[in-house]
Structure formats: structure tokens, C-alpha cells
Amino acid sequence: MSEKCPVNAATPNLNPESRNGKKNILIVYAHPDNKKSLNAAFLKAEKYVFANAGDTVVISDLYDMKFNPALSGDDFLSPPAILKLWFERVFAASFAFSFKDGKLFNRGPMKDRRIVVSFTVGGNSTCYTPIGMLGDIENGTLHFCGFQVVKPQIEYGTFNLKEGEGDELLMAWKNRLRNIWSETPRAYYTLESCEYSKGFQLSDAIINGEVENPDKVPSTIGQHMNKPINSEL
């Protein structure tokens with residue numbers, strides 16, 4: 001019999017709400033232009049929506065903070081080094097996850113918190129299909145720590161926006177943010193779906209269809225498990 005992943009029911013009850021019922025919002029911003037870029041406009045929109053709802057908003061502008069990425073490099077086809085290092089320093093073992101205690105995925109310390117990924121992509125969406133040359137932080141990093149991940153906000157072709165299209169994107173993002181708490185988090189395979197003896201892979205029972213998979217796993221950002229990107233699921 002295959003060895004199942006250990007499970008620990010005793011996970012902390014982390015409450016993202018303040019005492020008065022309002023939300024505590026942390027926005028991590030990683031773009032060198034915090035004034036004129038489209039990303040800067042999105043940041044202002046996010047702060048505006050949540051602040052107007054009475055929520056407490058804290059912005060970590062990694063460039064403005066001179067957050068030391070340690071690594072060097074000007075061009076990346078994945079998250080900037082400064083954002084990668086933020087993940088490494090903040091989503092640390094024992095705080096954001098624990099192999100020893102089985103606090104991973106749906107049992108992760110962040111399981112009572114919700115998170116949404118928003119970023120811009122200069123290339124066309126065809127570059128990110130299974131046969132594309134470009135490429136998952138949703139399942140491999142965020143859900144891994146227990147976050148309730150909602151559908152990402154991705155804006156393609158931002159290098160070629162026509163006049164007025166940026167304003168339309170901002171309006172759509174503001175409208176979505178106002179209802180973000182009512183969205184259903186995306187489904188992912190749970191810790192109970194894997195086996196350590198297979199190198200932390202899905203169990204044979206699920207792969208062979210011997211048991212019904214309780215999770216309707218959607219496509220994700222990147223090419224996780226050979227699924228094409230699809231922000232509509």
C-alpha cells in the first residue's frame with residue numbers, strides 16, 4: 001500500500017478580518033514605475049476600491065522599499081527577481097507551510113485567507129499555451145501555503161493598448177475587486193490526493209480513476225500538469 005501524505009487537523013485559525021469586520025489588505029507591488037505605468041494605475045485602483053470599502057490597506061512597494069533581491073539581472077521571462085525573493089523570505093517554512101506537520105495545500109497555515117494574482121503580460125496569449133515557448137505560482141506557491149486562490153487577473157498585449165483601452169481595463173478591475181470576496185476560490189488537488197512514495201505525485205487511485213476525484217481542478221497560470229492557461233475557470 002502506498003504511503004499517504006501526513007495530515008494535521010490542528011491548523012491555526014488565521015482571520016483576515018479586523019475586529020470591526022473590515023478586511024486587512026496587503027498589496028505587494030513589484031514594478032519599477034510606480035507613477036505612470038499601467039501597473040501603477042492598477043495599484044491606485046486597488047487601494048481606492050478597498051479603502052472606500054473601509055478596509056485597512058497596506059502597500060509593500062518592493063522597489064520603493066529598496067527590497068534587496070540579492071540576485072542580479074535586468075531581464076526575466078518570469079516574476080522579477082525582487083518578487084521571487086519576496087516569496088522566498090515571506091513564504092518561509094514553519095510560517096507559511098510545514099512538511100513536518102503536514103501543513104500544506106488545503107491544510108496550509110493560510111487556508112483561511114484569500115488571494116488573487118494580478119499581472120500584465122506583454123506577449124500574446126498564444127505564447128503561454130502548452131506548445132508555447134513561454135510559461136505556476138498559483139498551485140505551487142500560493143495554494144501550497146493554503147491560500148484560497150481566486151481566478152487571476154491577467155491583461156495580455158499591454159504593449160499595444162489603444163487609447164482608452166487602459167481605462168476600460170481599470171474599470172473592469174475595480175468592478176471585480178468590489179465583489180472579490182464573493183468569488184468562489186479555484187479548486188486544486190488536496191494534500192490527501194498525493195503519495196510520498198511516488199515523489200509527491202498524485203495517487204495511482206486518482207490517476208487510474210479507481211476513486212472519484214472530489215476536486216474539479218481547473219487550468220492554472222503556466223503549464224501546471226500539462227493544462228493550458230485559462231483564467232475563465
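Each residue takes its place number in the sequence, starting with 1. Just so you know, these numbers come straight off a predicted model, no measurement behind them.
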Exercise. Check the pair Arg176, Val116 against side-chain contact (heavy atoms from CB on, under 4.5 Å), reporting the backbone distance first and the verdict last.
Key: CA-CA 11 Å; Arg176 186 188 171 197; Val116 58; 4.0 Å; yes

Quiz item: Is there a donor-acceptor pair under 3.5 Å between the side chain of Glu155 and the backbone N or O of Phe119?
Solution: no

Quiz prompt | Backbone of Ala53 reached by a side-chain donor or acceptor of Lys22 within 3.5 Å | solution = yes

Exercise. Answer whether the closest heavy-atom distance between the side chains of Arg114 and Trp181 falls below 4.5 Å.
Key: yes

Quiz prompt | Aromatic ring pairing Phe147/Phe91, orientation class (parallel under 30°, perpendicular over 60°, tilted between) | solution = tilted

Self-check item: Heavy-atom pair with the smallest gap, counting every atom of Gly102 and Arg107
Solution: O-CB, 3.9 Å

Quiz item: Rounded to the nearest 0.5 Å, how far does CD of Gln153 lie from OG1 of Thr120?
Solution: 11.5 Å

Quiz item: What do you reckon, is CE of Met171 surrounded by more than 12 foreign heavy atoms closer than 6.0 Å?
Solution: no

Practice problem: Check Ala96 against Pro109 and note the closest heavy-atom contact, atom names and distance. | Solution: O-CD, 3.2 Å

Practice problem: Pick out which of Ile59, Leu62, Asn39, Asp64 makes a side-chain contact (heavy atoms from CB on, under 4.5 Å) with Asn34. | Solution: Asp64

Quiz prompt | Residue pair Leu161 / Leu169, side-chain heavy-atom distance below 4.5 Å | solution = yes

Quiz item: Do you know which two heavy atoms are closest between Asn106 and His143, and how far apart they sit?
Solution: N-CE1, 3.8 Å

Exercise. To the nearest 0.5 Å, tell me how far Asp167 CG sits from Leu38 CG.
Key: 9.5 Å

Quiz prompt | Backbone N/O of Asp33 and side chain of Tyr63: donor-acceptor pair under 3.5 Å | solution = no

Quiz item: Is the charged tip of Lys23 near the ring of Phe50: under 6.0 Å from the six-membered ring centre and within 45° of its axis?
Solution: no

Practice problem: Identify the heavy atoms of Lys47 and Ile27 that sit nearest to each other, and give their distance. | Solution: N-CD1, 4.2 Å

Quiz prompt | Minimum-distance pair of heavy atoms, taken over all atoms of Leu170 and Ala45 | solution = CD2-CB, 4.2 Å

Quiz prompt | Heavy-atom check, side chain of Leu142 versus side chain of Phe87, under 4.5 Å | solution = yes

Practice problem: For the pair Asn179 (side chain) and Ser182 (backbone), establish whether a donor and an acceptor sit closer than 3.5 Å, ignoring hydrogens and angles. | Solution: no

Practice problem: Check Phe67 against Leu85 and note the closest heavy-atom contact, atom names and distance. | Solution: CE2-C, 4.1 Å

Exercise. Check the angle between the aromatic planes of His31 and Tyr29 and answer parallel, tilted or perpendicular using the 30° and 60° thresholds.
Key: tilted

Practice problem: Rounded to the nearest 0.5 Å, what's the gap from CZ on Phe97 to CE on Met110? Could you check? | Solution: 10.5 Å

Self-check item: Validation row: Arg186, Pro152 side chains within 4.5 angstrom (heavy atoms)
Solution: yes

